[in-house]
Amino acid sequence: MTFVPGDRVRWLCEGDDGLPQVKYGFIGDEPMPTGEVQVVFDDELGGQYVALGHLDPVSITSIVLSLHGSDLIEDPELRRGLVGLWRAEAESAGLEVSGMLGLGAGVRESVMSWALAEVTSGGERYVVRAWETTGELPTVQVRAESPQTYHF
């Protein structure tokens, strides 16, 4: 991926406590020949050099919450709260969500997928969806997608 100064980016890294951490910032300069680029992260002074391959562009569809616990999607009240968590993450990423219509406890789209809200950003309409992934730890993922995308 090619970035230019001023692009908004996301970096998933490890915090001082060893836990995963997401940092948002802006590309500060042209990439170096070593494959690193200077990123000025929010609420930090100066820049930090990060490998280009570790950065993701920030867009309304790139904000993904991954939360452990199948109860988050099984319990209607907890499922309803996922929308607020997603919106808070989108706002911390610097994105504007200009409109949001919550769908209550959600609309089941499949055995594993729920539509939770309709949002507008940049004049485009999206659906905030939650679905459970299978694996060692049950994980719920929440993200905004085009209305035509489904997870089964």
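Values reported hereafter were calculated over all heavy atoms of this structure, with side chains retained and with hydrogens, waters and symmetry mates removed. The first residue in the sequence is number 1, and the count goes up from there.
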**Asked** Which pairs count as ring pair (Phe, Tyr, Trp, His ring centres under 6.0 Å) when at least one residue sits in residues 38-71, sequence neighbours excluded?
**Response**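 Residue pairs passing ring pair (Phe, Tyr, Trp, His ring centres under 6.0 Å), neighbours aside: Trp11-Phe41.
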**Connected via hydrophobic side-chain network under 4.5 Å: Val127 and Val140** = no
**Request:** Check the hydrophobic clustering (I, L, V, M, F, W, Y; side-chain heavy atoms under 4.5 Å; chains of links allowed) and say if Leu72 and Trp131 are grouped together.
**Result:** no
**Candidate pair Arg129 and Trp86, rule side-chain contact (heavy atoms from CB on, under 4.5 Å), full reasoning** = CA-CA 10 Å; Arg129 292 190 166 94; Trp86 177 86; over 6 Å; no
Identify each donor-acceptor pair in which a side-chain atom of residues 90-105 lies under 3.5 Å from a protein atom, sequence neighbours left out, and give them as a table.
from  : atom 1 : to     : atom 2 : distance (Å)
Glu91 : OE2    : Arg87  : NE     : 3.1
Ser92 : OG     : Glu89  : O      : 2.9
Ser98 : OG     : Thr120 : O      : 3.1

Who passes side-chain hydrogen bond (donor to acceptor under 3.5 Å, both in side chains) against [X], sequence neighbours left out?
X      : answer
Tyr126 : none
Ser66  : Gln141
Glu118 : none

**Request:** Check for a donor-acceptor pair, side chain of Ser113 on one end and backbone N or O of Ser110 on the other, with a separation under 3.5 Å.
**Result:** no
Nearest 0.5 Å, please: how far is [atom2] in [Y] from [atom1] in [X]?
X     : Y     : atom1 : atom2 : result
Cys13 : Gln48 : SG    : CD    : 7.5 Å
Thr34 : Leu52 : OG1   : CG    : 8.5 Å
Asp16 : Gln21 : CG    : CD    : 7.5 Å

**Any pair counted as side-chain hydrogen bond (donor to acceptor under 3.5 Å, both in side chains), so long as it reaches residues 1-10, sequence neighbours left out** = Arg8-Asp42, Arg10-Asp56
